[in-house]
Amino acid sequence: MFDKITAPQAGTAITISKGTCITPNNPIIPFIEGDGSGRDIWKASKKVFDAATAEAYKNERKIVWLEVYAGEKACSVYGKDVWLPEDTLQAIKEFKVAIKGPLTTPVGEGFRSINVTLRQQLDLYACVRPVRYFSGVPSPLKTPEKLDVVIFRENTEDVYAGVEWAAGSKEANKIRDVIISCGKDIREASAIGIKPISEFGSKRLIRKAIQYAIDNNRKVVTLVHKGNIMKFTEGAFMNWGYELARKEFGDMLITENDLHAKYEGKLPKGKIVINDRIADNMFQQILLRPHEYSVIATTNLNGDYLSDACAAQVGGLGIAPGANVSDDMGMFEATHGTAPKYADQDIINPSSVLLSGALMFEFIGWQEVARLIISGLEKTIGQKYVTYDLERSMSGATRAKTSEFADRIVKNIRGN
C-alpha cells in the first residue's frame with residue numbers, strides 16, 4: 001500500500017463516525033518529526049505522551065507511533081525535492097489522526113508551504129488555536145490570565161489558496177486584462193493574487209466554531225473580518241455567519257444588538273451571543289478587553305495574524321498549540337517555526353507540541369491523558385524549571401535542556 005513506510009502490525013486504526021473518534025486501546029498515530037529543532041522537541045514530547053498514557057491507563061492503552069515524512073527528512077528518504085510524499089498523505093487519511101513538528105518553508109521562492117499543502121490536500125478546513133495563560137510564564141501584559149480564547153481560522157481559502165501570478169507574467173497580464181474589462185484598474189506589471197471566500201467554506205468553519213462554543217459552555221462567538229473594505233469577500237464571511245447562526249442555531253444564539261435591546265445586556269440562561277468585529281479593531285480589543293472574547297471565527301489571513309498576536313500576549317508561540325481538523329480527520333502541530341540555528345542543541349521549548357498533543361488526546365477521547373500532560377506542564381513551569389526562552393525572563397528560574405524539561409514533566413505526571 002505504501003512505498004517507503006510500513007504500517008505497524010500491532011496497532012489498530014482509529015475510525016471516525018459523525019465527528020466522533022472510535023479509538024482502540026492501541027491506536028496507530030502517524031507523526032512527522034519536523035525539521036530543525038523539531039527533532040529535539042518531538043523526542044521530548046513523545047516521552048511525555050507515552051508516560052502520560054501509561055500513567056492514565058496503567059499500561060492498558062498505548063499509542064503505536066508510525067513515522068511518516070515531510071520536509072527535509074522526506075527529501076532524504078524519497079529523493080531530492082520530494083517534500084511531501086504521497087505516502088504521508090495516504091497514511092494520515094487511513095489512520096485519521098496525526099501530529100507533527102515544525103516544517104521548513106522558504107520565504108519568497110521555491111515550493112509552497114508544506115503546512116498549507118497538508119491542510120488543503122486533506123481538506124482540514126478548520127485551524128483551531130486555543131490561547132490561554134499558564135501561570136508563571138513571562139508575559140508583556142499585566143494581566144495575561146484574562147485572555148482565554150479559541151480561534152477557529154478557515155484553513156483552505158483566502159489568499160492562502162495560492163492563486164497568484166508573478167508581476168509581468170503572461171498569466172498576470174491576462175488576468176489584468178480581464179479585470180480592466182470589468183471596469184477596474186490595475187497598474188501595469190503588477191503581481192496579482194486572488195482572494196477566494198466561499199459560502200460553503202465560510203459556513204462550515206463558522207458552524208464548527210459555534211458548535212464548539214455550545215459543547216464547551218463558552219458564551220460568546222465573534223466573527224472577525226475586514227468587511228468594511230472587502231465587502232464581497234470578508235463582508236460576505238460575516239453575513240454568511242449571521243445567516244448560519246439564525247437558521248441553524250436560532251434557539252441558542254442571540255445577536256449582540258438583541259442582547260442590549262431586548263435583554264438589557266444580561267445574557268439569558270442557555271444562550272450564546274454572536275457578534276462581529278472589524279479585524280484591525282479586534283487587535284485592540286483583544287489587548288484592552290480580552291475577557292469579553294471566547295470563541296473567534298475568522299478568515300485565513302486574519303486568523304494567521306490574530307492567533308500569533310494572541311499567543312504573544314500569553315508568552316509566545318512556544319506555549320501555543322494548534323489543531324487542523326475536518327469532520328473526519330485531525331492533524332495536530334507545533335505553531336512555531338523550525339529554528340534551524342538551534343537544531344540538535346537540546347534547548348528549544350517543546351510546549352507547543354506538548355499542548356498540541358493534549359488537543360490530540362482530547363480529540364481521540366483520551367481526556368485523562370490530556371489532563372496529565374497539561375497538569376505536568378503547569379507544575380513544571382510553576383517550579384521554574386524551564387527552557388532558556390522562559391528562563392531568561394523568569395526571576396529565580398533554572399534553565400533546563402529540552403530533554404531535562406521533558407523528564408521533569410514526566411516526573412510530575414507520575415507524582416500526580
Side-chain angles (χ1 to χ4, degrees), residues 21 29 31-34 37-38 40-42 44-49 52-53 63 97-103 115 118-119 124 126-137 139 144-145 147-153 155 208-209 212 216 218 294-296 298 303-326 329-339 348-367 369-381 386-387 389-390 402 405-406 409 413:
C21 283
I29 296 184
F31 72 92
I32 298 169
E33 181 181 69
S37 61
D40 287 334
I41 61 177
W42 170 253
S45 298
K46 179 180 178 296
K47 182 186 298 184
V48 173
F49 297 156
T53 302
I63 300 296
V97 176
I99 187 167
K100 59 179 282 296
L103 294 170
N115 295 323
L118 277 164
R119 296 165 189 165
L124 299 168
C127 178
V128 184
R129 295 278 295 272
V131 186
R132 52 157 287 200
Y133 180 66
F134 289 87
S135 181
V137 174
S139 165
E145 67 278 1
L147 180 66
D148 182 4
V149 298
V150 182
I151 299 169
F152 282 74
R153 167 192 173 197
N155 236 354
K208 188 169 281 291
Y212 179 91
N216 291 275
R218 287 180 173 257
S294 183
V295 175
I296 294 169
T298 189
D304 194 2
Y305 296 150
L306 189 59
S307 56
D308 283 14
C310 287
Q313 294 181 217
V314 297
L317 289 176
I319 205 79
N324 300 279
V325 299
S326 66
M329 206 177 306
M331 182 180 71
F332 302 81
E333 65 181 355
T335 57
H336 54 72
T338 59
I348 292 294
N349 186 349
S351 296
S352 181
V353 173
L354 288 171
L355 291 170
S356 297
L359 291 179
M360 181 189 74
F361 283 108
E362 290 177 354
F363 184 79
I364 69 172
W366 290 12
Q367 280 80 7
V369 180
R371 285 194 288 268
L372 283 173
I373 293 168
I374 292 171
S375 65
L377 177 63
E378 285 183 313
K379 187 171 183 179
T380 303
I381 292 172
V386 292
T387 48
D389 59 314
L390 300 181
T402 309
F405 184 61
I409 294 172
I413 286 172

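What you are looking at is a predicted structure, and each value in this text was computed from that prediction instead of being measured.
- Between E378 and S135 there is no side-chain heavy-atom pair separated by less than 4.5 Å.
- Annotation: side chain of K100 is not in contact with side chain of F332 (no heavy-atom distance under 4.5 Å).
- In this structure, C21 SG and F363 CZ are separated by 4.5 Å, a value rounded to the nearest 0.5 Å.
- The ring-ring contact (aromatic ring centres under 6.0 Å, His included) test applied to F31 returns W42, not counting sequence neighbours.
- Considering CG of L359 and CD of E333, their distance stands at 11.0 Å, rounded to 0.5 Å.
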Let's go through V325 and K208 carefully: what are the C-alpha distance in whole Å and the side-chain angles of both, what is the deciding distance for side-chain contact (heavy atoms from CB on, under 4.5 Å) to 0.1 Å, and is it a yes or a no?
CA-CA 10 Å; V325 299; K208 188 169 281 291; 4.0 Å; yes
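- Residues passing the side chain to side chain donor-acceptor pair (under 3.5 Å) test with T298: none are found, sequence neighbours excluded.
- Considering only residues two or more places apart in sequence or on other chains, E145 meets the salt bridge (Lys or Arg N to Asp or Glu O under 4.0 Å) condition with none of them.
- Partners of F405 under the ring-ring contact (aromatic ring centres under 6.0 Å, His included) rule, at least two apart in sequence or in another chain, do not exist in this structure.
- Within the 4.5 Å cutoff, the side chain of L147 has heavy atoms near those of the C310 side chain.
- Two residues are said to be in side-chain contact when any heavy atoms from C-beta on lie closer than 4.5 Å; L390 and N349 meet this criterion.
- For S307, the side chain to side chain donor-acceptor pair (under 3.5 Å) partners are R129, not counting sequence neighbours.
- Considering only residues two or more places apart in sequence or on other chains, R371 meets the side chain to side chain donor-acceptor pair (under 3.5 Å) condition with none of them.
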Stepwise side-chain contact (heavy atoms from CB on, under 4.5 Å) test for V150 and R218
CA-CA 10 Å; V150 182; R218 287 180 173 257; 3.8 Å; yes
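- When the salt bridge (Lys or Arg N to Asp or Glu O under 4.0 Å) test is applied to E362, no partner is found at least two apart in sequence or on another chain.
- Between G34 and L103, the closest heavy-atom pair is CA-CD2, 4.0 Å.
- Side-chain contact between V48 and I413: present, with at least one pair of heavy atoms (C-beta onward) separated by less than 4.5 Å.
- Taking the salt bridge (Lys or Arg N to Asp or Glu O under 4.0 Å) definition, one finds that D389 meets it with nothing, sequence neighbours left out.
- F134 pairs by the ring-ring contact (aromatic ring centres under 6.0 Å, His included) definition with nothing, not counting sequence neighbours.
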Atom pairs and distances, donor-acceptor, side-chain atoms in residues 313-320, under 3.5 Å, two or more places apart:
unit_1 : atom_1 : unit_2 : atom_2 : d
Q313   : NE2    : I286   : O      : 3.1

Check the pair Y133, D148 against side-chain contact (heavy atoms from CB on, under 4.5 Å), reporting the backbone distance first and the verdict last.
CA-CA 7 Å; Y133 180 66; D148 182 4; over 6 Å; no
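- Across all non-hydrogen atoms, the minimal contact from I381 to G136 is CG2-C, 4.2 Å.
- The CG atom of N115 lies 6.5 Å from the CG atom of L118; values are rounded to the nearest 0.5 Å.
- Between R153 atom CZ and I151 atom CD1 the span is 10.0 Å, to the nearest 0.5 Å.
- Taking all atoms of both residues into account, the shortest heavy-atom contact from I99 to V353 is CD1-O, 4.2 Å.
- A98 approaches I29 most closely through the heavy-atom pair CA-CG2, 4.2 Å.
- The shortest side-chain heavy-atom distance between P130 and P321 falls under the 4.5 Å cut-off.
- Side-chain contact between Q367 and F361: absent, with no pair of heavy atoms (C-beta onward) separated by less than 4.5 Å.
- Residues that satisfy the side chain to side chain donor-acceptor pair (under 3.5 Å) test with S326, not counting sequence neighbours, are D328.
- Here the shortest heavy-atom pairing between N324 and R119 reads OD1-NE, 3.1 Å.
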Worked check of side-chain contact (heavy atoms from CB on, under 4.5 Å) between I296 and L306
CA-CA 10 Å; I296 294 169; L306 189 59; 4.0 Å; yes
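- Here CG of L372 is found 9.0 Å from OG1 of T53. Values are rounded to the nearest 0.5 Å.
- In this structure, the side chains of F49 and I63 stay at 4.5 Å or more apart for every pair of heavy atoms.
- Considering CG of L377 and CG of L354, their distance stands at 6.5 Å, rounded to 0.5 Å.
- Nearest approach of G38 to P102, heavy atoms of both residues: CA-CD, 3.9 Å.
- A donor-acceptor pair is defined here as one N or O able to donate and one able to accept, closer than 3.5 Å; such a pair exists between the side chain of S352 and the backbone of T335.
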